[in-house]
Amino acid sequence: MQYAAAEQAWYMPAATTMAESAVARVERLASESAVVVFSVSSCCMCHAVKRLFCGMGVHPTVHELDLDPRGRELERALARLLGYGPAGAPVVPVVFIGGKLVGAMDRVMAAHINGSLVPLLKEAGALWL
């Protein structure tokens with residue numbers, strides 16, 4: 001009986017471990033491509049940020065959280081990385097460039113408007129011009 005309990009404890013990690021593993025997964029996914037967008041397929045702001053990048057000739061890797069079985073867990077991890085509270089504003093879209101967190105739509109648009117987005121994309125190898 002102790003063996004079964006020990007096995008069950010191994011199989012069902014504590015909540016903090018699950019959150020840490022979600023953050024680790026976000027960081028791993030974010031570092032696998034030059035530009036990574038965490039999105040929800042029905043989100044208009046997510047669509048806008050994806051179109052912005054495509055219009056610039058950048059083809060981001062997109063992770064649709066609503067299509068991922070662990071999407072809610074990843075969304076909570078993204079909220080933590082952004083510094084949002086437990087019941088904060090919508091999290092997505094969240095953009096990483098060169099494995100570094102840029103932020104949500106407001107930060108991406110601010111970087112685009114002030115001219116700092118293109119150098120970030122060039123430095124990450126996502127844009128060659």
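Remember, it's a predicted structure, so these values are computed and weren't measured experimentally. Residue numbers run from 1 in the order of the sequence given.
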Minimum heavy-atom distance [X]-[Y], with the two atoms named:
X     : Y      : value
Ala77 : Val26  : CB-CG2, 4.2 Å
Val49 : Pro93  : CG1-CB, 3.7 Å
Ala22 : Leu74  : O-CD2, 3.8 Å
Leu82 : Ala104 : CD2-N, 4.2 Å
Ala34 : Ala124 : CB-O, 3.5 Å
Asp66 : Val40  : OD1-CA, 3.7 Å

Taking the side chain as C-beta and beyond, is there a heavy-atom pair between [X] and [Y] under 4.5 Å?
X      : Y      : answer
Phe96  : Leu29  : no
Ser21  : Glu73  : yes
Arg70  : Arg25  : yes
Leu52  : Met109 : yes
Arg76  : Arg72  : yes
His59  : Cys54  : yes
Val94  : Leu81  : no
Leu121 : Phe53  : yes

Are [Y] and [X] connected into the same hydrophobic cluster when the rule is that any two of I, L, V, M, F, W, Y join if their side-chain heavy atoms are below 4.5 Å apart?
X      : Y      : value
Val62  : Met105 : yes
Phe38  : Leu120 : no
Leu101 : Leu65  : yes
Val36  : Val91  : yes
Val102 : Val58  : yes

So for atom CE, which belongs to Met45, do other residues, nucleotides or ligands contribute more than 12 heavy atoms lying within a distance under 6.0 Å? no
Would one find more than 12 heavy atoms of other residues, nucleotides or ligands at under 6.0 Å from atom CD of Glu123? no
Could you pull out all residues at least two apart from Arg51 that satisfy side chain to side chain donor-acceptor pair (under 3.5 Å)? none
Sequence neighbours left out, what passes side chain to side chain donor-acceptor pair (under 3.5 Å) with Asn114? Give chain and number order. Ser116
Euclidean distance, Leu117 CG relative to Met56 CE, rounded to 0.5 Å: 4.5 Å
How long is the span from the OG atom in Ser39 to the CG atom in Leu67, to the nearest 0.5 Å? 9.0 Å
